Peer 1: 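Here's a structure for you.
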There are 2 protein chains.
Amino acid sequence: MHGHQHEHGCCHGGRPERFLEPCLLLLLAQQPDHGYTLMERLGVYGFPAERPDPGTIYRMLRKLEQFGMIRSSWQEGASGPAKRVYEITEDGKSLLASWNDMLKRNVERVHQFLRDYEAFTVKEHTL
Amino acid sequence: MHGHQHEHGCCHGGRPERFLEPCLLLLLAQQPDHGYTLMERLGVYGFPAERPDPGTIYRMLRKLEQFGMIRSSWQEGASGPAKRVYEITEDGKSLLASWNDMLKRNVERVHQFLRDYEAFTVKEHTL
DNA sequence: CTATCTATATGTATATTACATATAGATAAT
DNA sequence: ATTATCTATATGTAATATACATATAGATAG
């Protein structure tokens, strides 16, 4: 029952923000790839596997390239339309390491919340 | 070295987003309080304890009140300027439960990322 | 030759946060 | 006394990320 009852109006529950960028960097660190396949691979990190949003993903890839975190080249001789294949740069790997540190810290903050919420519900139950 | 080197320009690492709302709800579930004190209590969840942003916090409180998640009354007879004391409503408790569920799911997503990043660095090291 | 699949891209709206600034009553200091 | 500081609440504006809608086009299947 919980989780989706507040999607409209105020306080819609949803996805974690600022998470797409590190996930794309990690996927490209694992192996070079193009946007269309990356959309599917993002499912591992909880992004909607069936109906991902191409616009958001391609835009993020272009932004990362603008700042030199990834680089791209057009793949030739493949089937279907031309594919822009991205690979991570050294700067991108350094940024990925930063994201890893930051996400670790943020997880700690959320764990503190989850512990306190648990304590709150236990206390409520004993009233 | 990591963690703050990309604060400017692209890809600034920083705080988790959409985290202020659940934290305020949890703090008010623990006990009714007014904005000025809540600012300090937010330090438990990693918000900057010395120099929090009043604007963001008061605005979020007003939004939560607009949607009936908390309610407020002016506290009389206290020292200093008038204080608007907030308390959580039943709807607010329900929303808080939703946030708890969602944050649990999101933590799982981040854990997947952290595991994969660890595996990536191990692999890089053995090359 | 038309429809569908693969692949990339832009336009716009909404939401959250950061930073700057405004207001005002209460209390402390000179 | 009157000035400065502390407590407390509030608004204006900009930056950023995401969601949703839509556009484009080559390749392939019916």
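Predicted, not measured: the structure shown is a model, and the values here were computed from it. Here is how names work: the chains are called A, B, and so on, in the same order as the sequence lines, proteins then strands, and each is numbered from 1.
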Peer 1: Arg59(A) near the nucleic acid: base, sugar-phosphate alone, or nothing, with a heavy-atom cut-off under 4.0 Å?
Peer 2: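 Arg59(A): base contact, heavy atoms under 4.0 Å.
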Peer 1: Does a donor on one side chain sit under 3.5 Å from an acceptor on the other, for Gln112(A) and Arg115(A)?
Peer 2: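 Note: Gln112(A) and Arg115(A) side chains meet the donor-acceptor criterion.
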Peer 1: For the pair Phe47(B) and Phe19(B), name the ring-plane relationship: parallel under 30°, tilted 30 to 60°, perpendicular over 60°.
Peer 2: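 Phe47(B) vs Phe19(B) ring planes: parallel.
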Peer 1: Return no unless some side-chain N or O of Arg62(B) is found under 4.0 Å from OP1 or OP2 of dA10(D).
Peer 2: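 Answer yes for this pair, as a side-chain N or O of Arg62(B) is under 4.0 Å from OP1 or OP2.
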Peer 1: Could you state the atom-to-atom distance from CD of Glu21(B) to P of dA15(C) in whole Å?
Peer 2: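 Going from CD in Glu21(B) over to P in dA15(C) covers 12 Å.
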Peer 1: Among dT18(D), dT9(D), dT8(C), which nucleotide sits nearest the side chain of Pro54(A)?
Peer 2: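 It is dT8(C).
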Peer 1: Report yes if a side-chain nitrogen or oxygen of Tyr58(A) is closer than 4.0 Å to either non-bridging phosphate oxygen (OP1 or OP2) of dA9(C); otherwise report no.
Peer 2: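 No, outside the criterion.
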Peer 1: Can you tell me the distance, in whole Å, between the CD1 atom of Ile57(A) and the C1' atom of dA17(D)?
Peer 2: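 Distance check: Ile57(A) CD1 to dA17(D) C1' gives 13 Å.
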Peer 1: Of the listed nucleotides (dT17(C), dT9(D), dA19(D)), which one gets closest to any side-chain atom of Met60(B)?
Peer 2: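 Among the listed nucleotides, the one closest to the side chain of Met60(B) is dT17(C).
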Peer 1: Rounded off to whole Å, could you give me the CD-to-P distance for the Glu40(A) and dT8(C) pair?
Peer 2: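 Between P of dT8(C) and CD of Glu40(A): 11 Å.
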Peer 1: Protein within reach of the bases, or only the backbone? For nucleotides 25-30 of chain D, mark each nucleotide 5' to 3' as B, S or -, using heavy atoms under 4.0 Å.
Peer 2: -BSS--
Peer 1: Nearest whole Å is fine: how far is dC19(C) P from Leu20(B) CG?
Peer 2: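 Rounding to the nearest Å, CG of Leu20(B) and P of dC19(C) are 14 Å apart.
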Peer 1: Would you mind telling me which of dA19(D), dT16(C), dA18(C) lies closest to the side-chain atoms of Asp53(B)?
Peer 2: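 Comparing dA19(D), dT16(C), dA18(C) against the side chain of Asp53(B), the answer is dA18(C).
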Peer 1: Ignoring backbone atoms, establish whether Arg84(B) has a side-chain N or O less than 4.0 Å from OP1 or OP2 of dT9(D).
Peer 2: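 Result: no.
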Peer 1: Any donor and acceptor pair, going by atom type alone, linking the side chain of Arg71(A) with main-chain N or O of Tyr86(A) inside 3.5 Å?
Peer 2: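 No, because the side chain of Arg71(A) does not come within donor-acceptor range (under 3.5 Å) of the backbone of Tyr86(A).
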Peer 1: Roughly, in whole Å, what's the span from CG in Leu25(A) to P in dA17(D)?
Peer 2: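 For the pair Leu25(A) CG and dA17(D) P, the rounded distance is 12 Å.
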Peer 1: Whole-Å distance between dT16(D) C1' and Lys63(A) NZ?
Peer 2: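 Rounding to the nearest Å, NZ of Lys63(A) and C1' of dT16(D) are 8 Å apart.
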Peer 1: Classify the side-chain pair Gln75(B)/Arg84(B) by whether it contains a donor and acceptor separated by less than 3.5 Å.
Peer 2: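 Checked: Gln75(B)/Arg84(B) side chains show no N/O donor-acceptor pair below 3.5 Å.
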Peer 1: Under 3.5 Å, is there a donor-acceptor pair between the side chain of Thr89(B) and the main chain of Gly68(B)?
Peer 2: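 Looks like yes, one N/O pair under 3.5 Å.
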Peer 1: Could you check how far CG of Leu24(A) sits from C1' of dT18(D), rounded to whole Å?
Peer 2: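 Atom CG in Leu24(A) sits about 13 Å away from atom C1' in dT18(D).
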Peer 1: Going by the angle between their ring planes, with limits at 30° and 60°, are Phe120(B) and Tyr117(B) parallel, tilted or perpendicular?
Peer 2: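 The arrangement is tilted - the two ring planes meet at 30° to 60°.
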Peer 1: Rounded to the nearest angstrom, tell me the gap between atom OH in Tyr36(B) and atom P in dT5(D).
Peer 2: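 Nearest whole value for this atom pair: 15 Å.
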Peer 1: Is there a salt bridge (Lys or Arg N to Asp or Glu O under 4.0 Å) between Lys93(B) and Glu90(B) once you walk through the steps?
Peer 2: CA-CA 5 Å; Lys93(B) 284 183 187 174; Glu90(B) 285 307 311; 3.7 Å; yes
